[in-house]
Amino acid sequence: MITKYKNTLFSNIVWSLLAKIFAMVFYFCADVFYARTLGVEKYAEWVFFFSIAHMAFYIGWFGINTSVKVHITRDGQKDNCLGAGLMVRMVFSTVILVFAFFAAPFIACKAGYPQPYAELRKLMYILCGMIFFNSFTEFFKHLYIGTQEFKKLFMVTAIEYFLYCFFTLLLLVINNNPVSIAIGYCAAGTILLLINLAMTMRKYDIRLICKGMGDRQLQKKIMGYAMPLVITSLGGLILMEMDTFMLGLFGTEKQVAVYSIAKQLVSKATNVNMAIWTGSVASLAVITKENFEDRKRKFKSVSRLNNIAALLISGCFILFGKAAIGFVYGDAYMDASEILIILIPYYFFYCSSSLYANFLDFMGRAKIRAFWFVSVIVINISLNYLMIPVYGAFGAAIATIVSLVPYTCYCLNDVRKILL
């Protein structure tokens, strides 16, 4: 039994890691093409817009995907839970789409349209579709994690980033404009939604799914657990993109471009660590008196592996970061290497806190974690506002690092309490 469990855990980590590797390869192939094809100014406009898009994605998720993942992991009636989750997802995604459409021109004007970002108004309208399709893409990926179908997660993630790369590059060759990239994301999202629906309908009982779609009590449970996760989602979007967004408002286009490259390198590196905890924490979700010591030992092993991976990747950033950025992105973006080194502490804090947070969510402690995540929001926005006008990209990096310190300490302490 123990051997089978270890084999399953190892298999989950491997499939999850492969999914992240494919995602990173396709993402950076596309991003390098954007940078070299668009030039510094147009590329800065794209990354500034994508920082807005990334924040909008977090709002669109609204904690629903994570809530469904937790309920499906712990609930025996997976078909009903899937149906209830789909209904909640559909309703909320539609509401967000409509809201985003009417808010698009206002946000564009406030964020820099028509100068310095001439295409921002068009991009904000296209963002409505990007939010809608992204919310469903992430919904199904969380479903596969909750049911521990990591082969499906690998396949869908590989297809997802291949389609992003294929459609955006194709359309960018036709029309050298950031708008082409946004349209490519929508095209890929449409195909992904159809693929995920087809895969789901083949496995689950449609009658039970329909029953779950009418189960108001189960839908309320999903929304009830999603509400505290909204705060962590808002904190996540601020942590991931507020620095780039505020640089776009208060900094120069060159600063936006080089900072975005460094931040994306660090953020995508966390995918390696994420593969470790995504493939393992779900299998540790149910803790009893009988399996407590075994689960505790397994979690410590996962944490140790997470730290080793972070050390190895940080070493690669220090040794090869500057040469890699110059060779891949070009001399125009060389300043990104200095920002990359500064962001290494952020990478460590993010990897550690995300592992602990993922575990705490499965332990039903999302409400307490959400309270502490407020500190990330307040500190990040305050320091970015104070430091970016004075120190530019360097100020944004320092603000991002400092904002994670209290929250990481809380997560570490809370996990220790559970596993004492």
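The structure presented is a predicted model; accordingly, all values stated were derived computationally and were not measured.
- With sequence neighbours excluded, no residue forms a ring pair (Phe, Tyr, Trp, His ring centres under 6.0 Å) with Tyr329.
- A 4.5 Å side-chain heavy-atom check between Tyr144 and Thr200 finds at least one atom pair inside the cut-off.
- The main-chain N or O of Met223 is never found under 3.5 Å from a side-chain atom of Ser67 such that the two would form a donor-acceptor pair.
- Asn65 contributes no side-chain N or O that, together with a main-chain N or O of His142, makes up a donor-acceptor pair within less than 3.5 Å.
- Contact check for Val328 versus Tyr333: no side-chain heavy atoms found under the 4.5 Å cut-off.
- Side-chain contact between Phe50 and Leu127: absent, with no pair of heavy atoms (C-beta onward) separated by less than 4.5 Å.
- With 3.5 Å as the limit, one finds no donor-acceptor pair spanning the side chains of Tyr58 and Asn134.
- The side-chain hydrogen bond (donor to acceptor under 3.5 Å, both in side chains) with Tyr410 is formed by just one residue from the set Thr408, Asp414, Asn413; it is Asp414.
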Worked verdict on Tyr43 versus Trp46 for ring-ring contact (aromatic ring centres under 6.0 Å, His included)
CA-CA 5 Å; Tyr43 178 68; Trp46 165 251; 8.7 Å; no
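- In plain terms, the two heavy atoms of Glu45 and Ala118 that are nearest each other are OE2-N, 3.3 Å.
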Only pairs under 3.5 Å count here: list side-chain donor-acceptor contacts from residues 92-109, not counting sequence neighbours, and write none if there are none.
unit_1, atom_1, unit_2, atom_2, d
Ser93, OG, Arg89, O, 2.8
Ser93, OG, Arg89, NE, 2.9
Ser93, OG, Arg89, NH2, 3.3
Ser93, OG, Ser135, OG, 2.7
Thr94, OG1, Met90, O, 2.7

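- Separating the CG atom in Leu153 from the CZ atom in Phe140 is a distance of 13.5 Å, to the nearest 0.5 Å.
- Contact record, Ile344 with Ser314: CG2-OG, 3.7 Å, taken as the closest heavy-atom pair.
- In this structure, CG in Asn80 is found 11.0 Å from CD in Gln219, a value given to the nearest 0.5 Å.
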Mind running side-chain contact (heavy atoms from CB on, under 4.5 Å) on Ile195 and Met199 for me, showing each step along the way?
CA-CA 6 Å; Ile195 290 172; Met199 289 172 59; 3.8 Å; yes
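- Remark: side-chain polar atoms of Thr37 are not paired, donor with acceptor, to backbone N or O of Tyr34 under 3.5 angstrom.
- At a threshold of 4.5 Å between non-hydrogen side-chain atoms, the residues Asn176 and Leu38 count as touching.
- The cationic group of Lys263 lies under 6.0 Å from the six-membered ring centre of Tyr346 and within 45° of the ring axis, placing it in a cation-pi geometry.
- In this structure a side-chain-to-backbone donor-acceptor pair under 3.5 Å is missing from Thr66 to Gly63.
- Between Leu247 and Ala393 the shortest heavy-atom distance is CD2-N, 3.8 Å.
- The side-chain heavy atoms of Val68 and Phe139, taken from C-beta on, include a pair separated by under 4.5 Å.
- Using a 4.5 Å heavy-atom cutoff, the side chains of Trp61 and Ile131 are not in contact.
- Within a 6.0 Å radius of OH in Tyr185, more than 12 heavy atoms belonging to other residues, nucleotides or ligands are found.
- Distance check, rounded to the nearest 0.5 Å: CG of Leu218 to CG of Leu82 gives 10.5 Å.
- Considering only heavy atoms from C-beta on, Val47 stays 4.5 Å or farther from Tyr259 through its side chain.
- Taking CG of Asn196 as the start and CD of Glu160 as the end, the distance is 9.0 Å to the nearest 0.5 Å.
- Atom CD1 of Ile72 is separated from atom CG of Asp79 by 9.0 Å, given to the nearest 0.5 angstrom.
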Go through Met201 and Ile209 one step at a time and tell me if the side-chain contact (heavy atoms from CB on, under 4.5 Å) criterion holds.
CA-CA 9 Å; Met201 296 310 164; Ile209 290 176; 4.1 Å; yes
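- Counting all heavy atoms, side chain and backbone alike, Gly330 lies closest to Arg36 at N-NH2, 3.5 Å.
- Residues Asn306 and Asn273 have side chains that bring a donor and an acceptor to within less than 3.5 angstrom of each other.
- More than 12 heavy atoms of other residues, nucleotides or ligands sit less than 6.0 Å from atom NZ of Lys203.
- Ring geometry, Phe317 versus Tyr347: the interplanar angle exceeds 60°, so the pair is classed perpendicular (tilted spans 30 to 60°).
- At distances below 3.5 Å, not a single donor-acceptor pair connects side-chain atoms of Ser303 with backbone N or O atoms of Phe299.
- Counting all heavy atoms, side chain and backbone alike, Ser403 lies closest to Ile379 at CA-CG2, 3.5 Å.
- Inspection of the Glu119 and Asn177 side chains reveals an N or O donor paired with an N or O acceptor under 3.5 Å.
- No option in Phe154, Tyr164, Tyr161, Phe162 other than Phe154 meets the ring pair (Phe, Tyr, Trp, His ring centres under 6.0 Å) test with Phe22.
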Could you walk me through whether Phe26 and Phe166 pass the ring-ring contact (aromatic ring centres under 6.0 Å, His included) test, one step at a time?
CA-CA 9 Å; Phe26 283 122; Phe166 174 76; over 10 Å; no
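- At a threshold of 4.5 Å between non-hydrogen side-chain atoms, the residues Ile181 and Leu171 do not count as touching.
- Closest non-hydrogen pair, Cys351 versus Thr270, comes out as SG-CG2, 4.1 Å.
- Checking Thr400, Asn384, Asn380 one by one against Asp243, the side-chain hydrogen bond (donor to acceptor under 3.5 Å, both in side chains) holds for a single residue, Thr400.
- Taken to the nearest 0.5 Å, the OG atom of Ser337 stands 14.5 Å off from the CZ atom of Phe320.
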Run the side-chain contact (heavy atoms from CB on, under 4.5 Å) check on Leu311 and Phe348 step by step: do they pass?
CA-CA 8 Å; Leu311 284 170; Phe348 268 96; 3.5 Å; yes
Just do the side-chain contact (heavy atoms from CB on, under 4.5 Å) check on Phe33 and Cys29 with the steps written out, would you?
CA-CA 6 Å; Phe33 189 84; Cys29 283; over 6 Å; no
